[in-house]
Structures are given as C-alpha cells and as structure tokens.
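Just so you know, these numbers use all the heavy atoms, side chains as well, and skip hydrogens, waters and symmetry mates. Lettering of chains follows the sequences in order, A, B, ..., and the numbering in each one begins at 1.
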Amino acid sequence: MDILADLNPAQKQAAETINGPVLILAGPGSGKTRVITHRIAYLIRVCGVSPHHIIAVTFTNKAAREMESRLARLTGTSLRDLTLGTFHSVCARILRRDGAVMGISPRFVIYDDSDQIGLIKQALKDIGLDAKQYAPRAISSAIGAAKSQSVGPADYLGRSRSYFEEVVGRVYERYEQLLGESSALDFDDLLMKTVRLFREHPAILGRYQARFQHLLVDEFQDTNLVQYELVRQLGARHRNICVVGDPDQSIYSWRSADLRNILNFEKDFPEAKVVLLEQNYRSTKNILETAANLIAANQQRKDKGLWTDNEAGELVKLVEAYTEQEEAQFVVREIEQLVENDTANLGECAVLYRTNAQSRILEEVFVRYGTPYKLVAGTRFYERREVKDIIAYLRLIQNPQDSVSLLRVINLPGRGIGQQTLAKLFDLSQLYSLSQFEVLLRISKLQESDDPPFYPHIARALVGFAELMQELIAASQEMGVVELLDLVVERTAYRDFLLSQPDGEDRWENVLELRTVAQQYHDLIPPEGLAAFLEGVTLVADVDSLDETASGVTLITLHQAKGLEFPVVFIVGMEEGILPHIKSFDDPAQMEEERRLCYVGITRAKRLVYLVRTFRRSLMGSSNVNQPSRFLADIPRHLISGGEKPRSKESAAAVYSWNRSAPPDATPSGNGDPAPDVKAGSRVRHAAFGDGVVVSCQAVDDDAEVVVAFRGAGVKKLLLSFARLERVE
DNA sequence: CGAAAGGCTCTTTTT
DNA sequence: GAGCCTTTCG
C-alpha cells in the first residue's frame with residue numbers, strides 16, 4: 001500500500017522530503033496533521049526508520065494522543081518507542097533522567113502557575129517588599145519572559161534598566177533559591193534547564209542527538225526562543241528537522257512565542273525546503289473568504305494564496321443581542337433549531353469566546369434550556385481546591401522538600417498549626433539550613449533543649465503530622481497511586497473533613513474524579529507511578545480533556561480552539577473591548593494578534609459561522625454599552641447576512657442585524673426623556689413575551705431601556721428600539 | 001487558633 | 001461576581 005497515495009502534491013512533498021530541514025507553512029484546514037502523521041508513517045513503513053529515532057513535539061497532549069492513534073492505524077506497528085509529547089513533557093522526562101548532573105533531583109516536583117504566584121509572593125516578602133505594590137502576576141510574567149530567553153537572575157539583574165526590572169531581578173534571584181530549596185521546577189524551567197543541560201554537557205546532548213534522527217515540531221509559530229534552541233540542539237547532528245506552522249495563527253506571543261523562529265528558520269537552515277499548503281479542505285468558500293478578508297487587514301504579514309474546492313455555502317451570519325443573557329439564549333435556541341432542522345447535531349456545534357469569564361452565562365443558559373454541552377475548563381479541574389489539596393499531599397510524599405505543598409496541607413484538616421507556628425517553623429528551617437520537613441523530623445530533639453521552640457501541644461501536632469507523612473512516604477514505596485490516594489484521604493482524615501463542609505459532597509466527587517485519573521497510572525511500578533501521575537496532572541492542558549466523541553455543544557476559548565474544527569461555530573462577544581480585548585488597544589502588534597485570534601476562530605468552521613455581539617454587557621459587576629468589534633468592519637458586506645427577519649419568533653427581541661441603520665419601531669429621544677408613547681405604567685405587547693406593564697424607562701445613549709413585567713414571561717429588561725413593543729390600551 | 005464576615009482588587013489568553 | 005486578604009470575635 002502506498003502510504004502517501006491520498007495526499008495532494010504539496011502534502012506529498014512535505015511528507016516525503018525526509019532528509020534535511022523542511023519548513024511547512026500550512027494554512028488552516030490544509031491537512032497539516034495529516035501531513036505530519038503520514039510523514040511519520042512514511043519514515044517508519046517505507047524508509048525503515050525505527051520509531052525509536054523519531055521525536056514529534058505537539059502543542060497539547062491531546063494533539064499528541066490523536067497523532068498517536070492515527071499513526072497506530074496508519075502503521076499498524078508498535079509506537080512505544082516513539083517520542084511524542086509537548087515540549088514540557090519531553091523535557092520533564094529528559095530532566096528526570098539526566099538532570100542530576102545539574103543538581104536537579106530526580107524527584108523534583110513541577111510548580112504550576114498558582115504555585116509560582118505563591119512562591120513569588122513569598123520571595124517578595126523575603127526581600128522585604130509588599131506584594132500589593134508589586135503585582136506578583138506582572139513579576140511572574142517578567143520572570144517567565146526572561147526564562148523563555150534563557151536569561152538567569154544574574155544576567156537579568158546585570159541588564160536591568162528600570163526600577164521595576166531591578167525589583168524583578170531581585171525577586172527572581174530569591175524565587176530561584178526558593179525553587180531550589182523545594183526541589184521544584186516551574187514550567188519555564190523545564191525548557192530552560194534542559195537547554196542548559198545540553199549546553200553544559202555535550203556528552204548527554206550527544207546521546208539524544210544520536211537517538212533523534214528525525215524531529216518534527218507542530219504549531220511552530222507558537223514556540224519561544226528556548227524551544228527553538230532546543231530544536232536546534234537536538235537536530236544539529238542529523239539536521240532532519242521538520243517544522244510546521246502558520247504565522248497567521250500565532251496567538252501566544254504573551255507566552256513569549258516568537259514569530260522570529262519561523263523567519264529565522266530559513267536563515268539558520270539555508271538548505272531548508274519550504275512547502276506551502278494552501279488548499280483548504282475544511283471550510284466553505286464564504287467562510288474562507290471572510291477569514292481571508294479579515295486577516296488581510298493585518299500589516300505585519302505575508303499574504304498566502306488560500307483556496308478551496310468546497311462549495312460556496314451559506315453567508316456568515318451577524319447577530320446582535322441586547323444583553324449577554326440574550327446572547328446566550330440566542331445561541332442555545334439557534335442550536336436547537338439547527339438540530340430540529342437536521343442541519344447539525346449538538347456535537348457539531350461550538351461556541352467560541354475570548355475570555356473564560358464569558359463561559360459562565362453560556363453555561364447557565366445551556367443548563368436552563370437542558371441543552372447538553374461540554375465546557376472546556378470550567379473552573380479548571382486541576383485548579384479546584386480539593387484537587388490541589390490531594391495533589392499537594394501526593395507531591396509532598398514524592399518530595400518532602402516541597403515547601404509550597406507542605407504549607408498547603410500541614411494544617412489541612414485543621415491540626416491547630418497556625419500562622420505563628422508556621423512562622424517559627426520557617427525561621428528554624430532558615431536557621432539550620434534544613435527544609436521545613438527536616439525540621440519537623442527533629443522537633444522532639446529541639447523540644448528537649450533548654451529553650452523549646454514550641455508549646456508542648458503544638459509540638460505534638462507537628463510531630464503527629466511528620467509521623468503521618470513518614471507513614472505515607474513508606475507506603476508510597478509499595479503501593480500504586482490509587483491505593484496511595486485512598487490511604488491519604490483516609491489517614492489524613494481529609495475525606496471526613498471534606499464531607500463535613502457545606503458543599504462537601506460535590507467536592508468529594510471531584511476527589512473521586514481525580515482517583516479515576518490515577519487509575520490510568522495503576523500498572524506502573526510504585527514510585528514511578530506517583531511521579532508519572534503528578535507529571536501527568538501538572539502538564540495537562542484543559543483542552544486535553546475534551547472528549548470529541550461525547551455529544552453536546554462545545555464551549556471553548558478561542559485560544560483552546562486552535563487546531564480543532566467544527567461544522568458550526570458561534571463566536572460570541574464580537575465587541576470592542578472583548579474581541580479585540582481592551583488590553584490590546586494601545587499596542588498595534590497586540591491588536592494584530594487579536595485579529596489573528598478572530599481568524600483562528602472563523603477558520604475552525606466547516607459550514608456555518610455566526611458572529612454574535614451584544615449591546616449591553618456586564619463586566620466585573622458593572623454594566624457597559626459595547627460597540628461592535630472593529631473586526632466586523634473588515635468583512636465585506638456581500639459575505640454577511642444579518643438584518644433579515646429573525647429565524648424564530650421567540651428570539652425576535654434578541655436577534656438583530658448588527659448594523660441596524662434604522663431600527664424599525666424605535667422612537668428614541670435621547671434627551672433623558674424616554675420614548676414619548678411608552679412610560680412606566682403603559683400596557684404593552686411583545687411578540688414573544690406577550691402582554692405586560694412597563695415598570696420603568698431609562699434613556700441610554702440615543703435609545704431607551706425599558707423594564708417590563710410580562711404576564712407570562714416575568715420581568716424583562718429590553719431595549720426599546722429592539723423590542724418592538726406595541727401599546728395596548 | 002480558627003471561623004466568619006467584610007473589603008479589596010481584578011481577569012485576556014495557558015504549557 | 002469571585003477569590004483573596006485582613007479583621008474581628010469567640
């Protein structure tokens with residue numbers, strides 16, 4: 001069988017050019033994943049390359065899993081030896097194996113974002129600065145940016161140019177110390193330390209170079225400088241490096257992704273073959289043209305010749321809702337209609353939004369209507385308190401030096417160990433240069449001295465905790481992760497503690513869900529299972545858990561939607577301040593990234609795109625009137641439908657053309673005096689809600705907001721120009 | 001020491 | 001609206 005038989009010429013070239021560097025520039029829907037999988041299959045099946053010699057790096061674990069299952073089908077051989085994963089997980093594996101020469105404990109734990117923030121606060125405190133004055137988030141992202149360029153604290157301080165950078169440098173210094181004392185690495189460390197390991201230990205690098213004869217990197221436009229450096233290191237010997245990306249889909253510059261990587265690739269590898277994938281197999285002509293017009297408004301880009309053989313399809317639908325409630329209602333009702341008409345089923349529809357906060361109202365309305373949905377990252381599972389608590393216990397078992405975890409669980413459930421005691425414990429650990437846990441192990445001895453540091457009952461609590469942990473550590477050597485988890489919730493009394501809380505039942509469910517995750521690591525030999533489990537739960541992306549086979553509408557951020565496709569896509573919140581986000585207003589480069597984000601959203605769709613905007617939206621408590629997104633103006637009129645009569649009678653008030661030049665029944669006055677013929681007490685009739693009485697009337701811009709108590713439908717707030725109220729006498 | 005209540009600041013996007 | 005921090009009281 002010819003593995004490459006069903007690829008088009010460009011795809012085929014991309015897949016079979018296996019010697020030397022290759023840069024694949026792949027537009028959306030151009031069969032990029034197909035090319036990568038076929039290329040690997042070709043290497044294995046046709047060229048006889050062992051999977052052992054291949055490494056493929058993806059952006060998410062989900063992408064890696066998908067690639068693996070496609071490959072399994074394509075090759076029919078075992079892929080156990082294939083190295084496949086995210087940069088972070090690949091690096092974690094390398095460091096666990098070979099990090100010791102850099103003083104990295106093989107038992108290191110990985111600190112996630114919130115651990116990192118906590119540690120930065122600690123560092124600020126340690127150097128006598130106020131966490132309120134220096135936003136830990138800002139410092140964390142500055143440190144992250146430094147690490148993404150392999151800049152350590154000393155270098156950073158050396159080149160600091162402002163007072164803020166000076167502060168960051170000093171925090172960075174202390175932060176690194178704290179990480180070291182805890183035997184912990186943050187996300188960026190995984191990459192940076194691996195690069196440094198390779199730089200400082202050529203023999204180790206040599207081993208990996210010898211092994212990885214073929215490298216593939218997906219989503220190359222979203223790699224940062226350190227990741228690129230890693231690619232160059234690993235590929236230096238064989239130079240069989242294949243990178244795949246699309247500059248127009250670069251949406252992670254805030255995470256230090258650097259488009260220069262794509263631009264420099266051809267410089268660093270002058271012999272590189274460049275392959276363009278320009279045929280789109282995903283979307284209708286109208287959708288593709290809409291996207292092309294939108295992205296063409298960006299100045300900093302090279303134009304591509306994207307085209308498709310697909311049919312023209314329907315026009316992109318523009319919809320205006322009055323409030324975010326109605327926006328959500330419109331989406332749900334429209335989806336129900338699509339399902340009823342057999343246009344699509346639930347699983348084929350996705351709702352995309354700019355910020356996670358927007359998902360809440362959508363979720364509420366989906367629940368209210370009883371429409372099944374899949375929310376990618378609600379309150380993200382691994383960030384839930386009870387889940388983090390259990391993970392902290394497990395991390396502490398794996399690595400008792402981990403002070404962030406120790407701090408989290410030492411008094412959970414309450415053991416009478418409070419602030420004072422902890423402060424003393426930390427002082428002692430500083431004084432004796434021991435980890436807090438090591439101090440705990442020596443409490444009894446300390447208490448025998450002339451000046452015992454703790455009251456006897458406190459000392460007893462501390463010793464009790466230390467003994468409990470030792471018991472769990474011993475147990476971890478011989479039992480699987482699931483049993484260990486069970487033992488933890490049992491022996492620490494965490495289960496009882498949780499169930500005694502008001503919402504304990506639900507939260508206990510989450511612990512059980514974590515336990516289900518642990519079952520996947522069950523057949524690993526005891527200590528390795530724990531390490532693998534902890535790594536697995538730390539390096540997950542939310543989108544990893546998205547189950548595409550389950551039915552239900554997908555609710556997802558635009559960022560997470562990258563790499564996915566759906567027959568029907570709703571993009572909600574098409575408003576100035578949301579998309580583009582307000583934070584991008586004063587920076588043209590960021591504004592272009594917002595446009596790319598919108599481009600990514602539209603190009604997810606196969607058949608139908610709805611762009612939905614809301615007139616009045618509540619944000620952080622207060623309510624604002626939002627202007628339509630400037631991106632809507634980038635789309636030519638002939639590709640847009642909107643302003644025609646609403647599809648369903650019910651959503652008459654919610655659905656509206658975004659460019660309502662002449663609202664049909666509006667009689668706004670704009671001088672604070674609402675429409676003359678409707679005032680509080682007026683009897684009115686609404687197409688969907690029926691008869692009611694106006695409760696209040698308030699001028700908003702050049703329109704009026706009326707609150708109406710309907711006989712059947714309850715109290716609604718409506719915009720006079722949209723609601724098409726009729727007076728009833 | 002710890003629970004409860006009140007006040008404060010924010011939120012972009014995530015491996 | 002929500003989480004985080006501080007304050008207050010038992």
Side-chain angles (χ1 to χ4, degrees), chain A residues 57-64 85-92 110-114 116-118 121 130-132 135-138 140-141 144 147-148 185-191 219 222-224 226-227 250-257 324 352-361 364 376-377 379-380 382-385 411-422 455 457-458 461 500-502 535-544 556-562 573 577-585 587 590-591 593-594 596-598 600-601 618-623:
Chain A
V57 184
T58 56
F59 196 67
T60 62
N61 297 295
K62 177 169 178 287
T86 62
F87 272 106
H88 289 87
S89 66
V90 168
C91 287
I110 301 166
Y111 280 174
D112 69 17
D113 229 39
S114 65
Q116 193 182 10
I117 296 290
K121 285 182 188 162
D130 184 3
K132 282 208 184 108
R137 291 211 145 271
S140 142
S141 74
K147 287 189 173 186
S148 299
L185 300 179
D186 64 23
F187 285 142
D188 298 311
D189 280 338
L190 295 172
L191 310 170
E219 307 286 7
D222 287 322
T223 54
N224 63 31
V226 170
Q227 289 167 327
S250 162
I251 53 175
Y252 282 95
S253 72
W254 51 274
R255 219 173 74 191
S256 306
E324 68 267 28
L352 278 50
Y353 37 84
R354 178 64 177 84
T355 67
N356 278 304
Q358 291 170 260
S359 70
R360 217 195 61 243
I361 183 71
E364 265 172 36
V376 179
T379 343
R380 298 175 187 143
Y382 292 105
E383 280 169 28
R384 291 187 192 161
R385 204 168 54 225
N411 197 37
L412 199 87
R415 301 184 174 93
I417 302 169
Q419 286 304 307
Q420 302 289 322
T421 310
L422 284 175
Y455 292 118
H457 69 283
I458 304 260
S500 72
Q501 309 264 316
E535 205 160 290
V537 299
T538 313
L539 297 180
V540 282
D542 294 306
V543 72
D544 290 344
I556 193 170
T557 65
L558 286 159
H559 281 89
Q560 293 168 331
K562 189 181 70 165
I578 306 282
L579 182 65
H581 195 271
I582 191 163
K583 295 256 177 184
S584 65
F585 280 5
D587 180 352
Q590 275 194 53
M591 183 56 75
E593 183 149 318
E594 295 290 307
R596 290 195 293 270
L597 198 50
C598 188
V600 166
S618 299
L619 262 174
M620 287 195 284
S622 61
S623 174

Under 4.0 Å: is that the gap between some side-chain N or O of [X] and OP1 or OP2 of [N]?
X	N	result
A:N411	B:dG2	yes
A:K121	C:dC5	yes
A:T538	B:dT15	no
A:N356	B:dT11	no
A:N224	B:dT15	no
A:Q560	B:dT13	no

For [X] and [N], give me the distance from atom [atom1] to atom [atom2], rounded to whole Å.
X	N	atom1	atom2	value
A:R384	C:dG3	CZ	P	11 Å
A:I417	B:dA3	CD1	P	13 Å
A:I117	B:dT11	CD1	C1'	12 Å
A:D113	B:dT15	CG	P	10 Å
A:Q116	B:dT15	CD	P	14 Å
A:R137	C:dC5	CZ	P	12 Å
A:R596	B:dT13	CZ	C1'	13 Å
A:D587	B:dT13	CG	P	18 Å

Under 4.0 Å, counting only non-hydrogen atoms across every strand here, what does [X] touch: a base, just sugar-phosphate, or nothing?
X	answer
A:T421	sugar-phosphate
A:Q420	sugar-phosphate
A:I582	nothing
A:Q590	base
A:F87	nothing

So that I can tick it off, tell me whether A:K562 and A:D222 are bridged by a salt bridge, with the cut-off set at under 4.0 angstrom between side-chain N and carboxylate O.
yes
5′-ward residue of the pair A:R385/A:R360 relative to DNA chain C
A:R360
Nearest to the side chain of A:T557, heavy atoms from C-beta on, is which of B:dT14, C:dG1, B:dT15?
B:dT14
Which one, B:dT14, B:dC1, B:dT15, comes nearest to the side chain of A:H88?
B:dT15
Whether [X] side chain and [Y] backbone form a donor-acceptor pair below 3.5 Å:
X	Y	answer
A:N61	A:T86	no
A:E594	A:H581	yes
A:S148	A:G144	yes
A:H559	A:I251	yes

Return whichever of A:G418 or A:E594 has its heavy-atom-nearest nucleotide of DNA chain B closer to the 5' end.
A:G418
Between B:dT13 and C:dC4 - P atom distance, rounded Å:
15 Å
Check the surroundings of atom CZ in A:F585: do more than 12 heavy atoms from other residues, nucleotides or ligands lie under 6.0 Å from it?
yes
Given side chains that start at C-beta, do those of A:I110 and A:D186 come closer than 4.5 Å, heavy atoms only?
no
Using Watson-Crick or G-U wobble pairs with both distances under 3.5 Å, give me DNA chain B in dot-bracket, 5' to 3', with [ ] for crossers and | for pairs to another strand.
||||||||||.....
Parallel, tilted or perpendicular: rings of A:Y252 and A:W254 (30°, 60°)
tilted
